[in-house]
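In what follows, a structure is listed as structure tokens, so that the remarks can point back to it.
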Amino acid sequence: MYRIFIFQATYANKPMKKCVTNKYKTSDSRSLKGIFNDVVRLMVTRNPSLNWEKLQDVFYRNREICTLQWPVEEELRYAISTTVIAIELRDFLQIFDYNGNMIISIDKSQFKNVIRFEFDGAEQLVVATPNSVTVVTQFKPLAFKTCRLSENIQDSIWDYKSGLIIMQQSQDIYKLTGSSIELLLKNEGQYTLLTKEHWNSNGNKAILLDVQHVYELEINEAKMTKILSDAQWHRVVLSPNNFICLFNVKFNKLQVFKSSSRILLEHTLEETPKGIKWCGDDTIACGFLDEIKLYGPGNSYVAFWFPQEIAALHTEIDGLKVFTEESVQFISKVEKHTSNTFKIGSTESSAILLDSLDLLEENAARAIENLKTINLKQAVTDCIEASKEELDPQLRKRLLSAASFGKASLSTEVFNSDLFVEACSVLRLLSLLKALEIHLTVKEYSTITLPGLITILLRRQEHYKCIMICQAVNSLEQLPTIFTHWAISKIKYSKDSNDGELYSSIKEQYYSLPDHIKAHISEIFNTAYLEGRFALSRNLALLEYSPEMRIAQLLQLDENSMALREALKMQCPELSTSLIFNFCEKLTTAQLAKLLIMDMPTEQLYPYIFRADEKLLYDYYRQTDRFVDLAHLILLQSKNEGSIRIFLPQVQELYSKILNNNLIKQDTELIQRQEKIWIFQETLTANLGSSFSDLTLDQTLSKLIEMRQEKHTQSLIKKFKVNEKKFYHIKIGALVEKKMFNDLYQFAISKKSPVGYEPFYKCLMRKGYKGEASIYISLISTISYGEKIEMYVKCKAFEEAIQLAGKERDIKGLKELYKKMPANDPQLKSLINEYMSKI
Amino acid sequence: MISRWNTRKFGKTLSENLCHILKEIPSHNQILAVQPQIVPFLSQLISFSQLTESTPARKIILLDEQAENNIRDIVVGMEDMTLVFIIDIRTELIVPDKLTRILGEFRNHGANVIYCTWKNQISNRLLDSEAEHQVTIPHFIKSQLKMFDDIGLYAWNILPVPEVDDNLLLCDLLFNNEGDNMYAPSNYSMQGATRGILVDNMVNCLQSLIEETNSTVTHTVSLGDESKKFLDLLHKRIEDNTDRKEHFIKDTLYGEKYSGLETDLIVLERDMDPLTPLLTQLTYAGLLDDLHEFMPGGKLKYVENVTLKYQDDEIWDSLKYMNFGALGPMLNQSARELQESYDSRHKAESVGEIRQFVDSLGSLQGKQKLLKMHTSLSSDILGDVANNEDYNFNRVLEIEQDLLLQNLENKGSYDAIMDLNYENQVEMRRILRLACISSVCKDGLRDKDYESMKRELIDSYGIEICFQLQRLTLAGLFTSKSLIADNIVSPFWKREYRYISSWLDTLPPIDDEEGDQNGLEGKNDATHPKDATFAYCGVVPLTTRFIQLLYDRTVLSKNYSSQQPFILSREPSIAKTGELFEQIYGTASVAKQESWLPPVRKNRRRVTIGKSDKKKANDIAIIVFLGGVTLGEVSTIRFLQDRLREKDINKRFIIVSDGLINGNRTIDSAINVKLRTTPTDI
């Protein structure tokens, strides 16, 4: 039995710590290398730097992602994406996840001859056959989209890589756009590609290795340039950020450059590698039987050894995935923050922070002291970033604990905790994904993004997993997409359920969405509509929360009445107006009228909108029997025509149709009275010669008085019951207007005036007839003595004023009058003196 | 979330938005064709010269009869001008004819229409859906311009701007472009539809204001049916628009642990108090509105060269709400102060002081100009009031008072009004106003009075006013008792005004105890009134009393019932007023109170943890008037605000209304614009 002790070196001069012990039996059948691996694995949980390899000044490491049994057959064709693997096995194209679970198996027979298959950027499987390219858009159930070569192309497809197609005969280059195959560049003998390995593309650029030269094709601009002449190369690999690696099989020479003028790396290898791939986006890796070598400048390289044979390689955005017969491994660069933290002997802030965390248990004071010596913000940031790089949950937790410990001493102005919260959230998500058999690193996840991930899972109809993911990240904005996809799939693929069942299950799920997360029903509605499920689509339309979409959907179903009612319910007249205008175009007048009468009987929006169009209103009111409104309309017309008289009979007729309305009855009587007035006026006009039309009754009376038509005046008063007070006022006004002062006086004294005599005075004063006005002052009984004097003064009737004052024996008043009198009137002065002496 | 109600900023925001939109339109030379009705509004936001400088607009014309000729002239000179129209059809709903004709004629000069709307207007989403190629119905403006393809439609989101006062926001929606009153249109049957348009626009207005100022309404009271509809709609629309984050914030501040922040929303409508607009106003601003009619931007319709901007004009700001009687002494005092400032130059000894004086000379001269303008305005008013026979001001005022106090019985009031008619001096609208006041106060005239009054008025003014009177009858302003009994007309109040006035103390007796000398007493009353009676002839507007009783029950406890559930309350409350409203309006449900705080879970109570600094912070109380507000009511509400502050209830009343209303406008609404005779027609 052997026991193995592992000691951990610390950075300060402290005694080494005993960490972990394990017991091994000598009869254990593991080989020495196996024990070594175990030990390494154990140690790595304490400090991962133990299995780092150094290339120049950068570290690389290899970690296991999961175990996977690669099928044993030789020379399998396969395609790998970040989340799944597609393998061609006998008659099927089978798709597995990284843990070996089969997702789907596609029958190859529908493809005839599969030239090549691979995954595109959105993780859809693209299968190329001689005359078509098929994209598998959905896994369960299987759904394809096939783009065929157009008929006038005589050629057939030779090879397909990253969206580019090369033809068999001519080696023209075509591009696969969303729905068709388009010509990108014609060859015309410019280049010849010998094998399928002689060209490669990464989506932006393509490199073509001709027999003599090397060409570079800029895909977006469809421009091809010769970058190297007289160069023989046999294999080419492009990195995601346009680094080019060329390999010559004859000399085993490897060359890496970005632009042909400057060669970054040149190597001569000992043997021909089985596969050449980029590790991440900046290091070239060559795969041999059980080893991967990463090459750096100046003939440097690092090697990673694997216990099993390597079956496949796949470039990821941040590393290289190695598929051995039994496991999936990941070679990646060690980022600066990780190396700061974990490198043996590192004195960086993050390493100290990490150690301080351990120290915290024994010697808290010391630990906190350490914090003061380092750049705490840098340390915390590095720890957080390093935690995102690790795959092992233990290490992640340690790093996050260290970060949290350090963060507690930082204020929010210095350090924004959102970084920490986000990291925790993402790592939580990645652990969840690992449990769901999707293995991603943080960088891969940020490239795919959450919506992309949801799309990938929805393709497999795994709605529940999507919901779990959304809840783990607390980002509920994707829930509507998931719900919509689920509902659409349900409608499309449940051929047996009836509309009612479908509706109730969809409604149930819709209401279980959390508050304030709203899903639009329009796509689901469209699906139901296209499937011919009209009852379902009507119910779905009513479920839509956005009013304008609801109305649009109801209109699509020709449910005009319901749409109008929904619009009115929103109490938004502009929306209803838009709908009404839409109806005006779509429907005939009769249909529109029927709709309005049925659904908007009291709501008068329609006449309001069209209030400028009199003819339309007229028709509408006639149809709906709105007599009062018709009368109103006729009145407006009368203004245009001039006189109102012609139209009043019509108004009267309309009013007569309204029953049981006293107000209308009264008004009808008043109109009849007016008619009588007009007739009277006509006779007057006939008899007296001057026109009496278009005058009001008061004006007529006034005119008659002016014309001294006593008889007619009296008959008017009697016939139309003119009030006596009114008569007096009118007469006063008329007589004053015509300066008929004598008549006025006669009229005043003929009878006691019911309006008093002040109106006489006032009217005359208004017109400026002061002399006349003074006559009436004495007749006024309701005013005081003082006021009378004032009025006399205003009229400049000083004589009367003096007389009155004298009568009242008002010496003071007389004196006042004396002052106010005009100076050059000796008569008046003597009069005053006379009176004054009398008193 | 601290709410900011800096209303002066709204204008600036609007003008920036407009410039932004103009710059968005893809063209470098634009001709702006502006609807004439928007010009006053537009010119107070941004001057035309500023527009031409900061945006691609080169020429600005009005959309009137001369528009086509003007455009032709401009286009001859410069070829590549793009046409941009600015229109406001929120109440109209139809695109002006002129626009369609001009678009037809000048087709190749592009077509861009900027239309005024609200940020949350539901119909704007139709444009968004169209932009996203979803199946939808076309926007109503696009439908009307469908014969022209690719019209560029741009939404200009409006906010109400403060007029006359920082706390008075007018939306200019009460009258549509034809002059029809949207709350009480001349065609009675359209009232439902027009009120619907008004309510929708006001709801959007409030929603935009609440969003703009980041406020959350906590307590609401509505009085009236339209008001109730308004509040329900507003609540629903705000709820629909809240996203998760806002919901979370609201829950935190206003949920179980209540922060103590409060924003009140009180909604009133014109039908609750139809009497106040008919009365003659006695405040400076009120008189100006009655005689000369206020327009947006501080201009007066019937007086030229006068612009009243309260932001710059201190004198106007201090005088606008005062009773006119106080104006004389105040102007005198201002003049004296100004004279003293001028004279101070003699006292200046050092060069520094002289320089100070010279620096302030500019502002002094400005002040002098303003003083001159106000002096001339007020002397004009005085002239009109004292001497103009058309107004017969004092007599009319006396009759109003008598009617309100019910000093005259039926025959007396009838005679008083008809005497005015017989004398044929006062203009028709005044007489109609008095008739309406009489009818409203008496809860319907006697049948014979009603019929004879109607006949006499038709005799004097022609048969056309028969229809105007019919409309006033249907509105409930001028009715008879039998029409009410027959249910042809539904009256506003179920009781005569004298009961209401005694319950709510709207005609408080003038205390003779303060001030013995005549002159002093008058001065004291006018500048420092004791109650809110200074705006009208000794009567407090009913709406003011309603608002008061929500916070301060002293008014009810005096005359109506001494048992009040509270005397002063920070939250507006209608507790125990059900009976009062039932007496006045016939049903207690006309008033509704609702709290918009998020509901607490079962078995939990709301605990106020926030301590509001009572001394400094003012709660915002938004008062919405549907159907128009009078300047008299505005001044009495301001007075109420001060009184409440004395009693430690610190509110800032912000009045939002669709427009200004006064007596003449109420009477004019009853007849279609086309049929209106000129005001001085006999």
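All chains are named by letter (A, B, ...) in the order of the sequence lines, taking the proteins before the strands, and each is independently numbered beginning at 1.
In this structure, A:Met570 and B:Leu233 approach most closely via the heavy-atom pair O-CD1, 4.0 Å. When all heavy atoms of A:Ser578 and B:Pro138 are compared, the closest pair comes out as CB-O, 3.5 Å. Contact record, B:Ile122 with A:Cys572: CB-SG, 4.0 Å, taken as the closest heavy-atom pair. Of all non-hydrogen atoms in B:Leu93 and A:Phe581, the two that sit nearest each other are O-CE1, 4.5 Å. The two residues A:Gln604 and B:Met190 have their closest heavy-atom pair at CB-CA, 4.0 Å.
Chain A forms more heavy-atom pairs under 4.5 Å with one residue of B:Lys142, B:His139, B:Glu451, B:Gln144 than with any other, namely B:Gln144. Contacts with chain A were tallied for B:Ser143, B:Cys466, B:Ser186, B:Ser189; B:Ser189 has the most, counting heavy-atom pairs under 4.5 Å. When each of A:Tyr545, A:Phe720, A:Tyr655 is scored by its heavy-atom pairs under 4.5 Å with chain B, the top score falls to A:Tyr655. For the options A:Ile677, A:Asn661, A:Ile671, heavy-atom pairs under 4.5 Å to chain B are most numerous at A:Asn661. Per-residue counts of heavy-atom pairs under 4.5 Å with chain B were compared for A:Asp667, A:Ile732, A:Thr700; the largest is that of A:Asp667. Of the listed residues (A:Leu701, A:Leu670, A:Leu605, A:Ile551), the one with the most heavy-atom contacts under 4.5 Å to chain B is A:Leu670.
Electrostatic pairing of A:Arg611 and B:Glu178 counts as a salt bridge here, judged by a charged N lying under 4.0 Å from a carboxylate O.
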Legend entry - A:Lys762/B:Gln425 under side-chain contact (heavy atoms from CB on, under 4.5 Å): CA gap, chis, key distance, verdict: CA-CA 11 Å; A:Lys762 275 202 186 136; B:Gln425 291 305 316; over 6 Å; no

Inset, instruction - Run the numbers on B:Gln470 and A:Ile664 for side-chain contact (heavy atoms from CB on, under 4.5 Å), then give the verdict. - result: CA-CA 8 Å; B:Gln470 185 189 79; A:Ile664 301 290; 3.8 Å; yes

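In this structure the side chain of A:Leu575 reaches within 4.5 angstrom of the side chain of B:Leu126, judged on heavy atoms. By the 4.5 Å heavy-atom criterion applied to side chains, A:Thr696 and B:Asp459 are not counted as neighbours. No side-chain heavy atom of A:Asn660 sits under 4.5 Å from any side-chain heavy atom of B:Ile488. Within the 4.5 Å cutoff, the side chain of B:Ile463 has no heavy atoms near those of the A:Arg673 side chain. Contact check for A:Asp629 versus B:Asn187: side-chain heavy atoms found under the 4.5 Å cut-off. With a 4.5 Å cut-off on side-chain heavy atoms, A:Leu635 and B:Phe467 count as touching. Residues B:Val203 and A:Gln571 form no side-chain contact, since every pair of their non-hydrogen atoms from C-beta on lies 4.5 Å or further apart. Looking at A:Lys726 and B:Asn421, their side chains come closer than 4.5 Å, going by heavy atoms from C-beta outward.
The contact between A:Gln674 and chain B is made entirely by side chain atoms (from C-beta outward), counting heavy-atom distances below 4.5 Å. For A:Gln553, no part lies under 4.5 angstrom from a heavy atom of chain B. Within the 4.5 angstrom heavy-atom criterion, only side-chain atoms of B:Thr473, from C-beta onward, approach chain A. Heavy-atom distances place no part of B:Asn241 under 4.5 Å from chain A, backbone and side chain included. Residue contact with chain A, scored on non-hydrogen atoms closer than 4.5 Å, involves the side chain of B:Tyr450 exclusively. Heavy atoms of A:Glu669 lying under 4.5 Å from chain B are absent altogether. Contact annotation for A:Thr577: both backbone and side-chain heavy atoms come within less than 4.5 Å of a heavy atom of chain B. Contact annotation for A:Val651: only side-chain heavy atoms (C-beta onward) come within less than 4.5 Å of a heavy atom of chain B. Contact of B:Leu483 with chain A is made through the side chain alone, with heavy-atom distances under 4.5 Å. In this structure, the portion of B:Ser129 lying under 4.5 Å from any heavy atom of chain A is its side chain and not its backbone. When heavy atoms are compared at a cutoff of 4.5 Å, A:Leu633 does not approach chain B at all. Interface remark: A:Ile609 contributes backbone and side-chain atoms alike to the contact with chain B (heavy atom separation under 4.5 Å). Interface remark: A:Pro759 contributes no atoms to any contact with chain B (heavy atom separation under 4.5 Å). Only the side chain of A:Gln666 comes within contact range of chain B, with heavy atoms under 4.5 Å apart. Heavy atoms closer than 4.5 Å to chain A are found nowhere in B:Glu246, neither backbone nor side chain. For A:Phe583, no part sits under 4.5 Å from any heavy atom of chain B, backbone or side chain.
In this structure, the separation between CD on A:Glu585 and NZ on B:Lys146 is 4.5 Å, given to the nearest 0.5 Å. Going from atom CD1 of A:Ile580 over to atom CZ of B:Phe140 covers 11.5 Å, rounded to the nearest 0.5 Å. Remark: B:Asp419 CG to A:His729 NE2 distance equals 6.0 Å, nearest 0.5 Å. In this structure, the separation between CG on A:Leu663 and CG on B:Leu469 is 10.0 Å, given to the nearest 0.5 Å. Rounding to the nearest 0.5 Å places CD1 of A:Ile730 at 7.0 Å from OG of B:Ser460. Remark: A:Met549 CE to B:Arg125 CZ distance equals 10.5 Å, nearest 0.5 Å.
Counting non-hydrogen atoms of other residues, nucleotides and ligands closer than 6.0 Å to NZ of A:Lys794 gives a total of 12 or fewer. No more than 12 heavy atoms of other residues, nucleotides or ligands lie within 6.0 Å of CD in A:Glu523, so this atom counts as exposed by the packing criterion. Taking a 6.0 Å sphere around NZ of A:Lys586, one finds it holds more than 12 heavy atoms contributed by other residues, nucleotides or ligands.
Each of B:Thr194, B:Asp200, B:Leu198 was checked for a side chain to side chain contact (heavy atoms under 4.5 Å, CB included) with A:Pro573, and the lone residue meeting it is B:Asp200.
Defined by atom type and a distance below 3.5 Å, a donor-acceptor pair is present between the side-chain atoms of B:Asn176 and A:Tyr608.
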